[in-house]
Participant: 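Encoded as structure tokens, here's the structure I'll be asking about.
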Amino acid sequence: MLNLVRAFTGAPASTFHCLSLSTESLLLYPSSDTVIILDAISLRLVRTLAFSQVFPGRDHASARITSVAVDSALKLVVSASGPRLAVWSLSGVSARTWLVHSSLLLPDDKYVTALDCSSGLLAVATQSTLSVYTLIMENDLPTWSCKWIRSSQALHSIYFSPSLVYLATTLEQADVVGIILTTSGRQIQTITHPRPVTNVMWRSAQASSRPSTSDSPVLYTVTRGATLRIFIPVLDSPQYLQLHATLDLSQTAPSLPPGNHSPNVFPLSREVLRGVLKTVLADSSDANDPKLRRLQEICDGGWDMFMQVFPDNSLTIRAVAASTLPSVDRRPPTLLEQLTLLQNVAVSLPHVPSSLHIVPGPTKRTLALVSAHPLSVHVLEPLNFFDSCSDGLTLRDRIHEYVPDEDSYIKQFVRTPDGKGLAVVRETGGEAWIVRGLGTVLQRAGRWTAADYARRSLATFSTATCILTLHAIPKLTLPLPPISSLFSLPPRSAAPYECIYAVTTEPIPSICHIHAVTGETPSLTLISQTALPLSSPSVFILPVDPMGGVSSRGPAVMERDVLLSVGNDGELRFWVPEEKRIGWRCTGRVRTGRTNLRMARCSSAKKTVLIVPRADGEELTIWDSKESEFSSGLEYAMTLGSSDQVHDLDWNSTSDGQSILAVGFAYRVEILCHQRMTYFDDGPSWGIIKRIEIENQLSHPISDSIWLAYGTLLIGSGHQMCLYGLPRQLEREDSEEGLFEYVARLNGPLADYHPQMLLQCLLWDKLDVVKTILVNLSHDVERWHEQRNDNFKSSTLPIDHYFRKSPISGLVTNSHRRRYSSLFMGTDDTEDTDESDDQCFSRSLIERLLGRLEAFPLPQLTPNEHAHLLVLIQAMLEVDDSRRALDANGFRYLISMRSFYILNKRASEPSSPESRGAIGRRTGWRARLRYRDIIWAFHSESHGLLLSASLAACQGKMTWNDARAQGVFLWLNSIESMRSHMEVIARTEYMAGDSHDPVASSLFYFALGKHKLVQGLWRQAAWHKEQAIMLQFLSNDFTQPRWRTAALKNAYALLSKRRFEYAAAFFVLGGSLKDAVNVCLRHLDDVQLAVALARVIEGRDDGPVLRGVLYENIIPLAFKKGNRWLGSWAFWLLNRRDLAVRILVTPLQDVASALDVPITELGDPHYDDPSLALLFSELKSKTLQTAKGTSEISGHTEFNFVLQIARVFTRMGCHALALDLVRSWSFDRPTLDTHDRVQQSGPPSPTTARRMHALEPAMRRRSSIMIDMDLFTAPPTRRPSPEPRGAGEPPAPLMNETINEEGDLFARKAGLGSLLKTAKQDIQVPDFDIDSFF
């Protein structure tokens, strides 16, 4: 999704070093104050080693690394900056971990000019000295001990011999090579050359029969003009090197233009080359192949080879028969052989390299040729290369050339609105880049100096001079006041200029609008300077990030918000330029209540992130601009640790409006995006989808991060940049998905078969749609299984299918309809039964589907989603047979109840896939049904069937835990049914287990008034230690006050022993129902048990104890938790059905103000449940009281409520259901009176007067409306008499064009009065007249 595509770490200024490991080869070179380590094959960044890691107090500007040395034996990297040396070592635990090894501090006036390190010996050259240090381990603490020091000129390079006996030294642009003994520091020889020496290299001698010659070194020197000289020790003086041969390699060079110098000479590692050649020869069987014979000669000859690259992209390889040098015992050898292996071979090297190394290639049969400048890697295939074939050397990768200005630290990134142009602002100047290759390539486009801000067309602003500069031909400038930000946007329409906006830093900030014209006649003009119409000072005035919002130059672009102002009180305001006059217009505001803000950023989708310092860290909050009575705008809140300080924020947006936030910390960047809302779990609305850690690669903290085009992210650290994105891949089905695709899959529309989509369709009366989806899914899974393809493709249902409703009751499936039709048509279609069952919803088809899904989970679903899908399909199959006897609400409850039990069973079974971690206890197992599921049964008219199904779910043995899980005593409405069911629970509790403890059932039997039955149970409990005392106590008459008091005393004694349920039983026995209920509420925390006892014992739903529980406990709890379902149930039971409807829609504080009981705590409003709209549509015209409650909800509020639910559907991925909701919802808008109505010619709207009466759907079927209020105390339906008006006064209009909140409420109440008047007429029953039958 977001991988490291390219690291811009700077190219080597001169040479680079190679370090060969067992599994890879590394390139090392200095860049500013950092040592860069790259993979030698892919040029991928491995690690950066900052000098500040060893010397943290050093200023990076003065800590530029001048020399680097690599100890291949001990895997040490030594770097020098001034008089300081830093040493790192490769960890023995991890091959990618580099640790600080040691440090060395020289006198302040001893600046290091050259380094070399080998096998624990360190040679250090300064401006006036040369010294050698030895690595000593004292108590596992590495220290450097000075072996010797001597005066010397400022050396340019020093080289240890392979035997560590000698040091070869050179001066810059000098023709002298010095030979120094490592043991004593004595210079034993000075070798003079006719031209300046450009390169020095040691070659260790081959093993010899004479010990005196086995360690004799061979020295190669290269001088300007490509002349190679070979120095070998003489026989009489082994410490003295004598010139043995001179090879003028420039003789083979092609004719060069005047002024071109001869190329450098680079040795090719004999060990690396022979290792690969042996592998190639071992893998080849054709000994007569001339290519193989040539490689065999090179491998057997043990030649030393040297490469030259010429400006005309050709190269030559010369070889020296090195076997004659050390193997001949006489000194000097009498024979030296020279060979030209390749001459003037065309290659693809762009320039003559200044440094070149050969390392093992990406495969065992290839080599890699690494050269600079620029730093590039070529793959060398030995068979074709040494045969002079053009494909023998191919370019693999290349990085940018070295630019000294890019060693400066990065201050910030600035991009163009479309993200395809980038400006890098550094401490000294900066450069511009263009995004290419779908975001994976950055190309340099320009450079400037002394600028603090930069924008498109390369316009820069300097805070030192307050001058805005347009880098055109000629260069244009414009003086401006001091500014805090600078940004650009495309013009409103096609125009040859760019709009630049600058926010000033004056006491009252203003916005400068500038037109920048590029081309043949460039110009830079200040159009206006205006201030925002703010009533109070603002903390920030920031540009709205246009990333993702700029797709064209049409007028719609400028309609997007341009500025965000943040007030001292945390109020956010969004601004756009006025179209017809100079100024700014506010398009929206959000009241966050946050103060002391430190950072703020706003996206093109109007999502705003705020950073507020707190005592325990920093608070990060994300706000949506759509603030209403149903949403405060707050979408996400997170408290960061005190050590996690946010460094930068940046927004990106997808084409479908999904916002993506990058939060930058010191050494990591976290990517956040919207999380799909689920109906099953309450999770955060935003989540981290990617965490990019740079601490294991980059040493400097992050200075800035920014989104670029195509979903790529650029991170700046020190002077380096890292580009993260999706590498360019071939169009393959198994290719990795990009960031935008991942976010779209995470938040886009769900597949038809997704369990969340299926459940919502079932709740919203779309049973036929669900059956069609399951039939299609069965066919798709079968086809997928037959093809055995990893890519599962599903059928898509047309969108118009979701606009249809299928009533639950009385529904006949296609298979049943076909079979019924055959009875009357006289046809026999039994032969086609199996085939027909495969084409329509049937038990056999669903069982086969379940079997296939159990064996082959769908790849597009997570393990939890897959488990939910299986549960939902199984529950659908189980309740399908009873659907025709259920109403819609009963069907909804039954689906939820069966899903609840199946899911709990799957979550607890050890053999289920969920037990392996797919479904945990938090997301899979639940203690009870949610109140939103229970309330469907409460409003159902199929309680008998639901009770039977509830008992069947418990295998006919329902305990109190089962009854509480199903909410039975909340939704049963018959007192007799409750009493009989409580007796079933009491009997089950007693029979549970082998002990048959009477204590378990005492509370329920006492509530039913059957204490004598309990006494009988105690007679059978001979094993119980309390049998005797309980038999004696229960033999008393508890209708007498004496024994009631005794029961209460026993209850208090049991409370002290924390036997709470038994104490409640004695309170019931003593006749104190209120105390028993309080025990259930306070000690058992069981609201349902308290309600069950009150309803059963009082025998009615308006008893004082039950009303007290509802008013004092349940309703405050519902407001505290924001549980509108529980509140609606409580109000319905209290016969306040108007409030039962209002609490579903109206803000909680408005409902609380209408209550007599004080509500001290209000919780989250929880408007994120689409079933609220479903229940509201079910209840709003069910009774006269609900009609009254509906009339008190304004049309504007109902309109915003429906939009909120549609947004919730969209966030859940149910876009089709959101569309169906907004297209089919009926806004019941009243008029003042039917005979005064004025016809509206405009389109209907919930904010304008409509022809439809508010309660017209109810009036059309008013015979089914329950009359549950006193009709004679209803508000009057007629208007008051019109007040007399004076002469000359114009008549009052009959109706305003639009209705405000007060007018809308008045109109709804007027509609209610008409309905009440109609109801009064309906209840007038005429006298019986038998003549009416004739």
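Model, not experiment: these values are computed from the prediction.
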Participant: Using ring-ring contact (aromatic ring centres under 6.0 Å, His included) as the criterion, list what pairs up with F792, not counting sequence neighbours.
Facilitator: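 Only Y753, W784 meet the ring-ring contact (aromatic ring centres under 6.0 Å, His included) criterion with F792.
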Participant: Report yes if the side chains of L746 and Q675 come closer than 4.5 Å at any heavy-atom pair, otherwise no.
Facilitator: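 They are in contact (side-chain heavy atoms under 4.5 Å apart), so the answer is yes.
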Participant: Give me the atom names and distance for the closest heavy-atom approach of Y1167 to L1144.
Facilitator: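 Closest pair (atom of Y1167, atom of L1144, distance): CE2-O, 4.0 Å.
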Participant: Check this for me: does any side-chain nitrogen of one of K1188 and E1192 sit under 4.0 Å from a carboxylate oxygen of the other?
Facilitator: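 Looking at K1188 and E1192, the cut-off is met.
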Participant: Who passes salt bridge (Lys or Arg N to Asp or Glu O under 4.0 Å) against K606, sequence neighbours left out?
Facilitator: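 Partners of K606 by the salt bridge (Lys or Arg N to Asp or Glu O under 4.0 Å) criterion, ordered by chain and then number, come out as D561.
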Participant: Evaluate the side-chain proximity of L858 to L777: yes if any heavy-atom separation is below 4.5 Å, no if none is.
Facilitator: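 Yes, close enough: below the 4.5 Å cut-off.
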Participant: For the residue pair W1125 and L1175, establish whether any side-chain heavy-atom pair is separated by less than 4.5 Å.
Facilitator: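 With C-beta onward as the side chain, the pair touches.
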Participant: What's the separation between atom OG1 in T608 and atom CH2 in W651, rounded to the nearest 0.5 Å?
Facilitator: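 With rounding to 0.5 Å, OG1 (T608) is 7.5 Å from CH2 (W651).
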Participant: When you check the gap from the basic side-chain N to the acidic O, do R843 and E847 get nearer than 4.0 Å?
Facilitator: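 Here R843 pairs with E847 in a salt bridge, since their nearest N and O are under 4.0 Å apart.
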Participant: Has the side chain of T1186 got a donor or acceptor atom that lies under 3.5 Å from a matching backbone atom of L1179?
Facilitator: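 Looks like yes, one N/O pair under 3.5 Å.
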Participant: If you round to the nearest 0.5 Å, how far is OG1 of T796 from CG of N776?
Facilitator: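 Atom-to-atom, N776:CG and T796:OG1 are 9.5 Å apart.
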Participant: Tell me if the CD atom of E941 is crowded by more than 12 foreign heavy atoms within 6.0 Å.
Facilitator: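 Count not over threshold, so no.
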Participant: Between atom CG of L869 and atom CG of L759, what is the distance when rounded to the nearest 0.5 Å?
Facilitator: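 One gets 11.5 Å once the value is rounded to the nearest 0.5 Å.
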Participant: Determine, step by step, whether N889 and F938 satisfy the side chain to side chain contact (heavy atoms under 4.5 Å, CB included) criterion, reporting the C-alpha distance in whole Å, the side-chain angles of both residues, the deciding distance to 0.1 Å, and the verdict.
Facilitator: CA-CA 8 Å; N889 290 331; F938 179 69; over 6 Å; no
Participant: Within this structure, what is the CG-NE2 distance for the pair D752 and H754, rounded to the nearest 0.5 Å?
Facilitator: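 So the CG of D752 and the NE2 of H754 are separated by 11.5 Å.
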Participant: Output yes when a side-chain donor or acceptor of S778 lies under 3.5 Å from a complementary backbone atom of V775, and no otherwise.
Facilitator: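 The answer is no, because no donor-acceptor pair under 3.5 Å joins these two groups.
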Participant: Is L872 close to I895 at the side-chain level, that is, under 4.5 Å between some pair of heavy atoms?
Facilitator: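 Contact flag for I895/L872 side chains = yes.
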Participant: Let's go through F740 and I660 carefully: what are the C-alpha distance in whole Å and the side-chain angles of both, what is the deciding distance for side chain to side chain contact (heavy atoms under 4.5 Å, CB included) to 0.1 Å, and is it a yes or a no?
Facilitator: CA-CA 9 Å; F740 289 168; I660 307 171; 4.0 Å; yes
Participant: Give, for atom CD of Q658 and atom CG of L739, the distance between the pair rounded to the nearest 0.5 Å.
Facilitator: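 Here the interatomic distance stands at 11.5 Å.
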Participant: Counting C-beta onward and ignoring hydrogens, is there a side-chain heavy-atom pair between S1128 and Y931 closer than 4.5 Å?
Facilitator: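 No - every pair of side-chain heavy atoms lies 4.5 Å or more apart.
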Participant: For A605 versus S659, what's the shortest heavy-atom pair and its separation?
Facilitator: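 What the structure gives for the nearest pair is CB-OG, 3.3 Å.
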Participant: Test your reading of the model: is there a side-chain donor-acceptor pair from D780 to the backbone of S795, 3.5 Å cut-off?
Facilitator: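 Confirmed, D780 side chain pairs with S795 backbone.
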Participant: If the test is side chain to side chain contact (heavy atoms under 4.5 Å, CB included), which one of L758, I846, V871, L767 qualifies with M876?
Facilitator: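 The option that passes is L767.
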Participant: Can you name the closest pair of heavy atoms from K1180 and T1190 and give their distance?
Facilitator: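 Smallest interatomic distance, heavy atoms only, reads O-OG1, 3.0 Å.
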Participant: Hey, are S896 and D933 close enough side-chain-wise for a donor-acceptor pair under 3.5 Å?
Facilitator: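 On atom types as modelled, these side chains qualify, holding a pair under 3.5 Å.
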Participant: Using a 3.5 Å distance criterion without hydrogens, assess whether the side chain of R898 forms a donor-acceptor pair with backbone atoms of L877.
Facilitator: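 Answer holds: no.
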Participant: Apply side chain to side chain contact (heavy atoms under 4.5 Å, CB included) to residues W1129 and N1123 and explain how you reach the verdict.
Facilitator: CA-CA 10 Å; W1129 171 84; N1123 196 321; over 6 Å; no
Participant: Compare all side-chain heavy atoms of Q860 with those of S794 and state whether any distance is below 4.5 angstrom.
Facilitator: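 Result no, sub-4.5 Å side-chain heavy-atom pair not found.
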Participant: Identify the residue among R1211, K607, R1207 that makes a salt bridge (charged side-chain N to carboxylate O under 4.0 Å, His left out) with D624.
Facilitator: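 Output: one option passes, namely K607.
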Participant: Below 4.0 angstrom, N of the basic side chain to O of the carboxylate: do D768 and K766 qualify?
Facilitator: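 Result for this pair is no, no salt bridge flagged.
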Participant: Between N747 (side chain) and H674 (backbone), is there a donor-acceptor pair under 3.5 Å?
Facilitator: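 Present.
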Participant: Does the side chain of Y802 come within less than 4.5 Å of L797's, by heavy atoms?
Facilitator: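 L797 vs Y802: side chains touch.
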Participant: With a cut-off of under 6.0 Å to the ring centre and 45° to the axis, is R930 in cation-pi contact with F900?
Facilitator: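 Output no; distance or angle outside limits.
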Participant: Restricting to non-hydrogen atoms, name the atom on V1202 and the atom on L1221 that form the minimum distance, rounded to 0.1 Å.
Facilitator: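 The pair with the smallest heavy-atom distance is O-CD2, 3.9 Å.
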Participant: For R676 and G748, work out which heavy atoms get closest and say how close.
Facilitator: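 Scanning both residues completely, I find the closest heavy atoms to be NH2-O, 2.9 Å.
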Participant: Just how far is it from atom CG of D1168 to atom CD1 of I1205, taken to the nearest 0.5 Å?
Facilitator: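 Separation between the atoms: 8.5 Å.
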Participant: How far apart are the closest heavy atoms of F1119 and I1143, and which atoms are they?
Facilitator: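 Looks like CZ-CD1, 4.2 Å.
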Participant: Using side chain to side chain contact (heavy atoms under 4.5 Å, CB included), reason through C1214 and W764 one step at a time and then give a plain yes or no.
Facilitator: CA-CA 12 Å; C1214 305; W764 287 81; over 6 Å; no
Participant: Just jot down the ring-ring contact (aromatic ring centres under 6.0 Å, His included) partners of H939, sequence neighbours excluded, or say none.
Facilitator: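 With sequence neighbours excluded, H939 shows a ring-ring contact (aromatic ring centres under 6.0 Å, His included) to W1132, given in chain and number order.
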Participant: Within the 4.5 Å heavy-atom criterion, are F803 and S1224 side-chain neighbours or not?
Facilitator: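 No - every pair of side-chain heavy atoms lies 4.5 Å or more apart.
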